[in-house]
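First the proteins, then the strands, lettered A, B, ... as listed; each starts at 1.
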Amino acid sequence: DQQVKQNSPSLSVQEGRISILNCDYTNSMFDYFLWYKKYPAEGPTFLISISSIKDKNEDGRFTVFLNKSAKHLSLHIVPSQPGDSAVYFCAASGSNYKLTFGKGTLLTVNP
Amino acid sequence: NAGVTQTPKFQVLKTGQSMTLQCAQDMNHNSMYWYRQDPGMGLRLIYYSASEGTTDKGEVPNGYNVSRLNKREFSLRLESAAPSQTSVYFCASSEMGVEGYTFGSGTRLTVV
């Protein structure tokens, strides 16, 4: 039973356009959500997070939106750059601070 | 600024062999974790240690054991390796209440 779902295994966008990565969760006890970025042969690195008390968090080109009623979050990257090409993992945690990850979405930004 | 260091980076084992994956962090974090990453499966938690002296099972603990040797080190042991344990293993650490984890660069394990 997957508690964090990323239903799109891959996404391809043109450089300069917006990338939107989606994530759904089922566990209503999750109260903190994060996005990690992973390049090949490297460990995942933290990108951006959002607490359940907010509905938006922005950091430069990256914005995460949270819709608690729909149990849905999304990551927007504007404008997309070729260096953004990587696997993006959505993750969620509750009071025990353990992270539960989605399966990941491979983003390819074409020059 | 080493962060989380994993050794070895690559390993090939024969079925039935044993080995220990090592992980050390220099950030004085209390919590440490072992994940495995398989194609199409994302990152799945094997074991974690919320603090020195404690360990708990995660989502996929079967076939593994762990040791929290001290605050810095958290090792993962495969007693009798199986081909199903072929994977990339990531160690991570975090501080309770602080967002996110810091991951190591991974150990790519192949069991033949």
> Below 4.5 Å, heavy atoms only, C-beta onward: do B:Met41 and A:Phe101 meet side chain to side chain?
Replying inline: no
>> What part of B:Glu59 gets within 4.5 angstrom of chain A, counting heavy atoms only: side chain, backbone, both, or neither?
In response: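 Neither part.
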>> Taking side chain as everything from C-beta outward and backbone as N, CA, C, O, which of these in B:Leu45 sits under 4.5 Å from a heavy atom of chain A? Side chain, backbone, both or neither.
In response: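 Side chain of B:Leu45 only, per the 4.5 Å heavy-atom cut-off to chain A.
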> Do you know the tightest heavy-atom contact between B:Tyr35 and A:Leu99?
Replying inline: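 That closest heavy-atom pairing would be OH-O, 2.8 Å.
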Please classify the contact of [X] with chain B as side chain, backbone, both or neither, using a heavy-atom distance under 4.5 Å.
X: A:Ala91; answer: neither
X: A:Lys38; answer: side chain
X: A:Pro9; answer: neither

Is there a path of hydrophobic side-chain contacts, each under 4.5 Å between heavy atoms, that joins [X] and [Y]?
X: B:Tyr47; Y: B:Val60; result: yes
X: A:Leu73; Y: A:Phe65; result: no
X: A:Phe62; Y: A:Leu11; result: yes
X: B:Val4; Y: B:Tyr48; result: no
X: B:Leu21; Y: B:Leu43; result: no

> Does anything in residues 65-75 of chain B get under 4.5 Å of chain A by heavy atoms, and if so which residues?
Replying inline: none
> Among residues 103-112 of chain B, which residues come closer than 4.5 Å to chain A, judged by heavy atom distances?
Replying inline: B:Phe103, B:Gly104, B:Ser105
> So, does B:Tyr101 use its side chain to make a donor-acceptor pair with the main chain of A:Pro44 at under 3.5 Å?
Replying inline: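 Checking the backbone N and O of A:Pro44 against the side chain of B:Tyr101, no donor-acceptor pair under 3.5 Å is found.
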> So with a 6.0 Å cut-off around CE of B:Met27, is the heavy-atom count from everything else above 12?
Replying inline: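 Yes - once you tally the heavy atoms of other residues, nucleotides and ligands closer than 6.0 Å, there are more than 12.
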> Take atom CZ in B:Arg77; do more than 12 heavy atoms of anything else shown fall under 6.0 Å from it?
Replying inline: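 Counting other residues, nucleotides and ligands, CZ of B:Arg77 exceeds 12 neighbours.
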